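Because the structure is a prediction, the values reported are computed rather than measured. Computation of the quantities below employed the complete heavy-atom set of this structure, encompassing side-chain atoms and omitting hydrogens, waters and symmetry-equivalent molecules.
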Amino acid sequence: MDAAVPALPPLVSRAFFARDADRVARALIGAGMSFGGAGGRIVETESYDPGDPASHTFGRRLTPRNKTMFGPPGHAYVYLSYGLHWCLNFVCADGSAVLIRALEPTSGIERMRKRRGSEELKTLCAGPGRLCQALGITGAQDGASLLAKPFAVRERAGRVAICVGVRIGISKAKDLPRRFGLTGSPFLSRRFAANTE
DNA sequence: CGATAGATCGGCT
DNA sequence: GCCGATCTATCGC
């Protein structure tokens, strides 16, 4: 008889991503994600779509950079921010995507600390740029499938309390409530105003 | 702790 | 030429 080891939650399917970004962004709070074995629990996301002035796909204009975001759901859209930080998105339906903003580190922690050059667990993956640095994600992963190694995305187990707020670091459409977080998590890039749902 | 400046460069107008 | 879906260090209170 095997011992009663709890099974890992199942890997998500392509259908998980084939929805609008707001729904996927919510579904991802509490879900697991890793790259090459390093990763954790997703605690913060933001959604973007073609109707959103802050989105790279705004107005449905195809450019060299955003072509992955217009591609099939279930792939990574990775771009360079401010000339130095990589940002990871999960491509969803119809030119929409979810920016992965923060993780609660659970696996490969020492490797992530080494990549970041920091011991501090709370800020190891707190922010899109830090998260990519910790996991070792760069533009080389743009267009890669999220349904196959070295990526792994797992459904969340059980219920979570999700809070909602306005997005961070944008100048357009700054009032849209498209930032989602795990209520009370110490691993957020920034705290939410007290407006849990 | 909040505000701010500087780093640094690809994408787009 | 301008402007970022950021981060860090540093300054002021």
Side-chain angles (χ1 to χ4, degrees), chain A residues 17 20-29 33 35 40 42-71 73 75-105 112-144 146 162-182 186-194:
Chain A
F17 298 105
D20 66 85
D22 289 300
R23 291 180 54 202
V24 179
R26 286 171 180 275
L28 282 170
I29 299 300
M33 84 136 294
F35 178 73
I42 297 171
V43 299
E44 184 181 339
T45 59
E46 285 179 358
S47 57
Y48 293 86
D49 69 35
D52 176 356
S55 173
H56 291 169
T57 54
F58 179 54
R60 299 196 163 281
R61 282 198 14 189
L62 181 63
T63 68
R65 176 176 64 168
N66 70 17
K67 80 167 196 286
T68 299
M69 195 164 157
F70 278 118
H75 293 254
Y77 168 48
V78 185
Y79 73 93
L80 188 63
S81 181
Y82 289 90
L84 16 119
H85 304 291
W86 296 104
C87 291
L88 171 67
N89 295 254
F90 291 175
V91 175
C92 302
D94 202 25
S96 70
V98 174
L99 174 67
I100 309 302
R101 286 197 56 91
L103 300 181
E104 173 181 342
M112 294 198 284
R113 282 192 163 123
K114 205 167 201 170
R115 291 199 189 99
R116 284 269 306 140
S118 163
E119 296 290 306
E120 188 53 60
L121 191 66
K122 284 200 301 289
T123 55
L124 197 54
C125 302
R130 290 167 172 168
L131 184 157
C132 282
Q133 187 181 24
L135 301 204
I137 288 173
T138 71
Q141 277 68 54
D142 184 48
L146 300 168
I162 296 173
C163 45
V164 185
V166 297
R167 293 172 295 186
I168 293 177
I170 56 174
S171 55
K172 304 164 196 161
K174 56 173 74 136
D175 294 333
L176 295 181
R178 303 192 87 174
R179 175 179 175 236
F180 307 93
L182 181 62
F187 300 97
L188 299 171
S189 68
R190 275 169 61 173
R191 306 188 83 128
F192 281 77

How long is the line joining [atom1] of [X] and [atom2] of [N], in whole Å?
| X | N | atom1 | atom2 | value |
| --- | --- | --- | --- | --- |
| A/E44 | C/dT6 | CD | P | 10 Å |
| A/K174 | C/dG4 | NZ | C1' | 13 Å |
| A/L84 | B/dG11 | CG | P | 14 Å |
| A/N66 | B/dC12 | CG | P | 6 Å |
| A/F58 | C/dC3 | CZ | C1' | 17 Å |
| A/L88 | C/dC7 | CG | C1' | 17 Å |
| A/Y77 | B/dG10 | OH | C1' | 11 Å |
| A/Y79 | B/dT8 | OH | P | 19 Å |

Side-chain N,O ([X]) to OP1/OP2 ([N]) below 4.0 Å:
| X | N | answer |
| --- | --- | --- |
| A/R190 | B/dG2 | no |
| A/R116 | C/dT8 | yes |
| A/R101 | C/dT6 | yes |
| A/S189 | C/dT6 | no |

Taking the side chain of [X] as heavy atoms from C-beta outward, which of [options] is closest to it?
| X | options | answer |
| --- | --- | --- |
| A/L80 | B/dC12, C/dA5, B/dG10 | B/dG10 |
| A/R61 | B/dC12, C/dC7, B/dT8 | B/dC12 |
| A/P64 | C/dG4, B/dC12, C/dA5 | B/dC12 |
| A/R130 | C/dT6, C/dC7, B/dC12 | C/dC7 |
| A/R65 | B/dG10, C/dA5, B/dC12 | B/dC12 |

For the side chain of A/N66 and the backbone of A/M69, is there at least one donor-acceptor N/O pair under 3.5 Å apart?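 The answer is no, because no donor-acceptor pair under 3.5 Å joins these two groups.
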To the nearest 0.5 Å, tell me how far [X] [atom1] sits from [Y] [atom2].
| X | Y | atom1 | atom2 | value |
| --- | --- | --- | --- | --- |
| A/D22 | A/D49 | CG | CG | 6.5 Å |
| A/R101 | A/C87 | CZ | SG | 8.0 Å |
| A/D52 | A/T57 | CG | OG1 | 8.0 Å |

Base, sugar-phosphate, or nothing for [X], non-hydrogen atoms under 4.0 angstrom?
| X | value |
| --- | --- |
| A/G129 | sugar-phosphate |
| A/L99 | base |
| A/R178 | nothing |
| A/R167 | nothing |

Return the nucleotide paired to B/dC9: Watson-Crick means purine N1 to pyrimidine N3 with N6-O4 or O6-N4, wobble means G-U with N1-O2 and O6-N3, both under 3.5 Å. C/dG4
Does a salt bridge link A/D142 with A/R65, judged by any charged N lying under 4.0 Å from a carboxylate O? no
Centroid distance below 5.5 Å plus an interplanar angle below 30 degrees: do A/Y82 and B/dA7 meet both conditions?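 Check failed, A/Y82 does not stack on base of B/dA7.
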Heavy-atom closest contact (A/F187 atom, A/V43 atom, distance): O-CG2, 3.8 Å
